[in-house]
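First the proteins, then the strands, lettered A, B, ... as listed; each starts at 1.
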Amino acid sequence: MTTTDSTCSPNFIRNIIAEDLKANKNEGRVMTRFPPEPNGYLHIGHAKSICLNFGIAAEYGGVCNLRFDDTNPSKEDIEYVESIKSDVRWLGFDWGDRLFYASDYFEKLYEYAVQLIKQGKAYVCDLSAEEIREYRGTLTQPGKESPYRTRSVEENLDLFERMRAGEFEDGSRVLRAKIDMISPNLNMRDPTIYRIRRAEHHRTGNKWCIYPLYDFAHCLSDSIEGITHSLCSLEFEDNRPLYDWFLDELKVYHPQQIEFARLNLTYTVLSKRKLVQLVEQRYVSGWDDPRMPTISGMRRRGYTPESIRNFCERIGVAKRDSIVDMALLEYCIREDLNQRAPRVMGVLRPLRLVIDNYPEGQVEDLEAINNPEDPGMGSRKVPFSRELYIEREDFLEDPPKKFFRLAPGREVRLKHAYYITCVGVVKDEQTGEIVELHCTYDPETRGGWSEDGRKVKGTLHWVSAAHSLKAEVRLYDYLFVKANPDDEKNGPDFKAYLNPNSLETLTSCRVEPDLAGATPGSRYQFLRQGYFCIDSRDSSDGALVFNRTVTLRDSWAKIAKKKE
RNA sequence: UGGGGUGUCGUCAAGUGGUAAGACACAGGAUUUUGGUUCCUGCAUUCGGAGGUUCGAAUCCUCCCACCCCAGCCA
């Protein structure tokens with residue numbers, strides 16, 4: 001992995017680990033893990049956790065395991081494990097030979113449960129799900145003990161064995177930890193640790209009909225693997241006493257759980273529950289829709305792994321709930337692409353322009369630098385001819401103050417080409433729409449320079465009409481119009497804030513011929529427009545499709561906006 | 001009204017008793033064959049509030065306020 005992107009500011013987790021290391025806790029070992037449940041696609045929030053876990057391990061000379069938390073076969077699928085693996089890899093992280101599954105430990109976990117029963121710390125309970133809920137009490141009222149709580153060890157052992165053997169119906173019995181029904185922490189009121197569920201598991205098939213629950217499986221999986229620091233999100237703080245309880249009762253190696261705040265981002269949602277709705281209810285085209293905050297969506301949109309890693313470093317890690325400004329993510333991708341994306345000319349909304357004094361049939365190959373930020377990227381030739389396309393919005397018949405672009409009688413520069421002056425405007429007689437511009441060029445300004453030192457205020461991008469390639473361009477905007485669509489208090493459902501203009505498809509764009517045969521996934525800066533990426537799903541040699549990753553910063557847009 | 005957490009600039013976020021880092025955003029200005037990039041400059045007399053301890057408090061103490069999480073046989 002290339003780590004040019006570590007600015008490494010201190011955070012409370014690094015502090016804890018540094019102190020642990022100083023105290024020689026765990027013999028100076030650091031081992032973390034990223035433990036996704038394979039029931040959905042990874043998103044930028046997961047990237048924060050991935051970067052944290054893999055990053056911190058690398059930083060302290062340790063390792064990070066990839067472990068699938070696959071204890072709920074009815075929700076999980078192999079499709080998700082494959083996508084998760086490829087997303088983590090794409091982000092630039094390597095779990096080596098440490099790919100694990102909680103299901104690898106089912107047998108061991110079963111033995112631990114038996115041990116708990118033998119210690120009188122777990123019992124089989126015949127209460128129904130509803131009864132268990134009633135017995136649990138509420139936030140302010142204590143719970144009451146199950147009538148099955150006092151079963152003998154022998155009976156519990158027998159019943160649990162028969163649960164495993166498939167003698168009982170789904171949901172008819174569970175195994176519970178025997179802790180404290182009047183604990184103010186609901187998690188400690190005899191939590192369920194095994195349920196009967198006849199569902200085919202994507203790895204263990206039909207071998208099991210009982211499956212452990214998160215609280216039981218997670219801490220023990222951490223323990224089995226020898227994890228030193230088990231990082232999870234804030235909502236598990238209340239589960240920590242239970243995490244500790246199992247490990248203490250079973251007297252096994254005891255990792256330390258540390259909670260941090262999950263990522264929130266403006267103008268999007270980052271909960272699997274909500275993302276899955278967007279996919280299933282067709283608000284987006286799929287998990288990898290470029291508007292989605294999923295890793296696969298962002299990849300398709302044109303984000304680089306480096307930019308995402310850098311973003312994750314910049315946002316920091318803390319315990320307070322926060323919502324990071326999308327502008328920071330955009331800053332990170334612009335920063336990266338500015339350095340590495342070749343410049344190219346593409347006209348999104350073409351307006352025909354004829355250079356009256358340019359010889360008909362003549363074509364010149366003009367030299368264009370590929371990236372002013374990196375001369376090493378060389379240059380290319382761009383064909384210039386009498387008939388061109390320029391951007392519609394680069395011409396205004398009646399320009400406002402501070403508009404530097406083309407207007408009747410005005411001279412501007414065509415990037416890498418010539419100075420041109422607008423001498424005529426052709427309009428559709430019916431609609432009044434401008435259909436063509438007539439200009440003259442100054443042959444003395446080849447390359448875009450003028451010997452006489454004459455200055456020109458604007459520089460426009462362009463393509464040669466006859467040589468340019470047709471392309472489809474998809475312009476993306478925020479998925480939501482509200483900065484915090486998650487805020488549904490007394491308001492409508494988050495989907496009410498979906499941005500109706502989050503996707504605009506332009507089908508008559510024109511790009512320079514150099515782009516013929518460009519490979520899917522490759523990224524470019526369209527001069528003066530933004531960064532674009534060839535769509536890896538829909539683009540083909542004959543029909544180029546570009547996704548706009550992000551616009552360039554646009555100070556003219558700001559000025560124009562201020563005016564009105 | 002039980003328990004667990006959190007409150008430092010518009011947004012993130014350092015700071016751990018010695019007198020408020022940094023980033024994004026924003027606002028000016030310079031350079032520019034991208035109104036891009038880059039470069040300068042500005043942007044918390046104040047750390048949720050009120051008291052207290054101290055020569056000295058964002059950091060310690062007390063009380064108060066606000067927000068988040070927990071009543072799945074989900075994770």
With a 4.5 Å limit on heavy-atom distance, are the side chains of [X] and [Y] in contact?
X       : Y       : answer
V174(A) : V124(A) : no
R176(A) : S146(A) : yes
Y419(A) : Y441(A) : no
E225(A) : Y105(A) : yes

Let's test this: given Watson-Crick or G-U wobble pairing with both distances under 3.5 Å, identify the partner of [N].
N       : answer
rA66(B) : rU6(B)
rC60(B) : rG52(B)
rC43(B) : none

> Checking salt bridge (Lys or Arg N to Asp or Glu O under 4.0 Å) for the pair R314(A)/E335(A): CA distance, chi angles, key distance, verdict?
Replying inline: CA-CA 13 Å; R314(A) 282 170 186 267; E335(A) 180 188 45; 3.1 Å; yes
Between [X] and [N], is there a contact of a side-chain N or O with OP1 or OP2 at under 4.0 Å?
X       : N       : value
R195(A) : rA75(B) : yes
R136(A) : rA71(B) : no
R314(A) : rA13(B) : no
R413(A) : rG35(B) : no
R197(A) : rC73(B) : no
R334(A) : rC24(B) : no
S9(A)   : rA21(B) : no
R553(A) : rU34(B) : no
K319(A) : rG7(B)  : no
S322(A) : rU11(B) : no
R133(A) : rC73(B) : no

> Does rG72(B) adopt a syn or an anti glycosidic conformation, taking syn as a chi angle within 90° of 0?
Replying inline: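 Syn for rG72(B); the angle stays within 90° of 0.
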Mark yes or no for a side-chain to base donor-acceptor pair under 3.5 Å between [X] and [N], with no hydrogen or angle criteria applied.
X       : N       : answer
E259(A) : rG4(B)  : no
Q339(A) : rU37(B) : no
N185(A) : rG4(B)  : no

Counting side-chain heavy atoms from CB outward, which of [options] is closest to [X]?
X       : options                   : result
P10(A)  : rC73(B), rG35(B), rG15(B) : rG15(B)
E237(A) : rG4(B), rG72(B), rG35(B)  : rG4(B)
R320(A) : rG35(B), rA71(B), rU6(B)  : rU6(B)

>> Would you say the base of rG35(B) stacks on W556(A) (centre-to-centre below 5.5 Å, plane angle below 30°)?
In response: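 It does: the ring sits over the base of rG35(B).
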Could you tell me whether [X] contacts a base, only the sugar-phosphate backbone, or nothing, with contacts defined as non-hydrogen atoms closer than 4.0 Å?
X       : result
I369(A) : nothing
K558(A) : sugar-phosphate
F68(A)  : nothing
Y211(A) : nothing
D170(A) : nothing

>> Once you measure the plane-to-plane angle for F236(A) and Y214(A), does it fall in the parallel (<30°), tilted (30-60°) or perpendicular (>60°) bin?
In response: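 Answer is tilted, since the angle falls between 30° and 60°.
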>> By nearest heavy atom, map L329(A) and Q525(A) onto RNA chain B; which one lands nearer the 5' end?
In response: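 Counting from the 5' end, the first nearest nucleotide belongs to L329(A).
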> So which one's nearest nucleotide on RNA chain B is more toward 5', N15(A) or Y331(A)?
Replying inline: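 Per heavy-atom nearest nucleotide, the more 5' residue is N15(A).
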> Has the side chain of K178(A) got a donor or acceptor atom that lies under 3.5 Å from a matching backbone atom of R149(A)?
Replying inline: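 Judged by distance alone, yes, a pair lies under 3.5 Å.
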